[in-house]
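Read through the structure below, which is laid out as structure tokens, and then see the notes.
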Amino acid sequence: MLYFAWVRERMGRAEEVIDPPATVATVGALVDWLAARHGDDAAALADRGRLRAAVDQQFVGLEASIAGAREIALFPPVTGG
Amino acid sequence: MLYFAWVRERMGRAEEVIDPPATVATVGALVDWLAARHGDDAAALADRGRLRAAVDQQFVGLEASIAGAREIALFPPVTGG
Amino acid sequence: MNAAPIRVAVQREGIDLAAETLLIEATDAGAIATFTGLVRADDGVATLELEHYPGATEAALRQVAEGAVARWSLAAVTIVHRVGPMQPGERIVFVAAAAAHRGAALEACAYLIDRLKTDAPFWKRETRGDTATWVEPRDTDHAAAARWE
Amino acid sequence: MNAAPIRVAVQREGIDLAAETLLIEATDAGAIATFTGLVRADDGVATLELEHYPGATEAALRQVAEGAVARWSLAAVTIVHRVGPMQPGERIVFVAAAAAHRGAALEACAYLIDRLKTDAPFWKRETRGDTATWVEPRDTDHAAAARWE
């Protein structure tokens, strides 16, 4: 897992290695699983409407599959340029 | 009078002082009067559709008045930039 | 047409406009349109910090550049984006499009910056006094990007 | 709004992009769009010569710049046009618009170059081998200028 911007700040870490059960099939389910681990993480990830994700560096919606994914990132909407 | 680009080349001069009669009231009439002075000038100014003019540095049509004008320029359509 | 050279860079150091200009002018195009974004000081911002997603950022910028090359007949495309801390007046982003004709260069330049604003993983944090704030995305950016779809 | 500084220059010497960039970036705008026209070598042109109407040219360029300032909220406008003989690869014209927001800068930049092409008294003569030809105006230039009316 990679976290960026205020997601990183609220999670208190920029990255971690995770091993979710096979029943966690989508990005949305993964966020639920991450949040369920710890109260602080639940608070950090509470604002689902402002969470964006990438699976193996491809931008995806929360409904996207994470099957076989090696790198998943969570972050706020982008504000570049 | 000022001449630019191929008008200048065909007239064989970049500028001249003229004193047309008071009956020459418009740019178009002035071009006719200039052309009537000399066969070479008539040939140089023959292509009226491709002549543009400025009176005292303001771009005008051939129908524009030259009353009181101090500087009149004849030139081809512009091709800058 | 897809052979137009694409230059994409994400860097911590300042953007060297003279060097970038030399590169894009070397393409023998007749028309070059550029856009430069600068850190504005007007609302009390002391420092702007840009975070990004290494690897994914470069890929996203390349995709934006390739999108422009696919739509217009271009001689070259440049996208340089700065990351890390910056002061007001410094360049955040520079994009350039070179083409034989000015219409293609101007439109491609607008496309590059509009798409970059929504399609590349950058996050801005502004510091005013002791307060750091993450910049929220603007609806107008999404509207600007959407007009190219 | 009409207080935006306007810089207009018609010059025989080469266009110094670094100096022009410094001037336009000094305005504290967040967005700068530029357009540079270069002499193309692609159709065998050895020399391009630009003739102009001294005095009237500067007034026409100033009018084009003022037209942009009246339409958009701009921090600064630059128009620099070269005259005299030029070689392929050299800069003929540089225009720039600085604004708080990129939309205004990009649109104003396109306006400046489109209007300049039809509204300013410049004439181009191309030399290929021993033959010099006066360049004819292009209908597409008038169409591009007309879209701003």
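To find a chain, count down the sequence lines: A is the first, B the second, and so on, and within it residues start at 1. Note that this is a predicted model, so its numbers are computed, not measured.
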Rounded to the nearest 0.5 Å, what separates atom [atom1] in [X] from atom [atom2] in [Y]?
X	Y	atom1	atom2	result
Phe75(A)	Phe122(C)	CZ	CZ	12.5 Å
Trp6(A)	Glu51(C)	CH2	CD	12.0 Å
Thr57(C)	Phe4(A)	OG1	CZ	7.5 Å

Please flag which part of [X] lies under 4.5 Å from any non-hydrogen atom of chain A: side chain, backbone, both or neither.
X	answer
Ala120(C)	backbone
Asp141(C)	neither
Glu136(C)	both

Using modelled atom types only, decide if a donor and an acceptor are shared between the side chain of [X] and the backbone of [Y] within a distance under 3.5 Å.
X	Y	value
Lys117(C)	Val78(A)	no
Thr79(A)	Lys124(C)	yes
Trp123(C)	Gly80(A)	no

Does any heavy atom of chain C fall under 4.5 Å from the side chain of Glu9(A), the backbone, both, or neither of them?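 Contact with chain C is through the side chain of Glu9(A) alone.
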
Given that the side chain runs from C-beta out, which part of Arg8(A) has a heavy atom under 4.5 Å from chain C: side chain, backbone, both or neither?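 For Arg8(A), the side chain is the part near chain C, not the backbone.
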
For Thr127(C), give me all partners under side-chain contact (heavy atoms from CB on, under 4.5 Å), at least two apart in sequence or on another chain.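 Applying side-chain contact (heavy atoms from CB on, under 4.5 Å) to Thr127(C) gives Thr47(C), Ala132(C).
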
Chain A contacts, top residue of Arg138(C), Arg82(C), Arg125(C) (heavy-atom pairs, under 4.5 Å):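 The candidate making the most pairs under 4.5 Å is Arg125(C).
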
Within the supplied structure, the quantity of interest is the number of heavy atoms (other residues, nucleotides, ligands) at a distance under 6.0 Å from Glu15(A) CD; does it exceed 12?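 No, because the 6.0 Å sphere around CD of Glu15(A) holds 12 heavy atoms or fewer from other groups.
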
Just wondering, are more than 12 heavy atoms of other shown residues or ligands nearer than 6.0 Å to CZ in Arg70(A)?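 Counting neighbours around CZ of Arg70(A), 12 or fewer heavy atoms of other residues, nucleotides or ligands fall under 6.0 Å, so no.
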
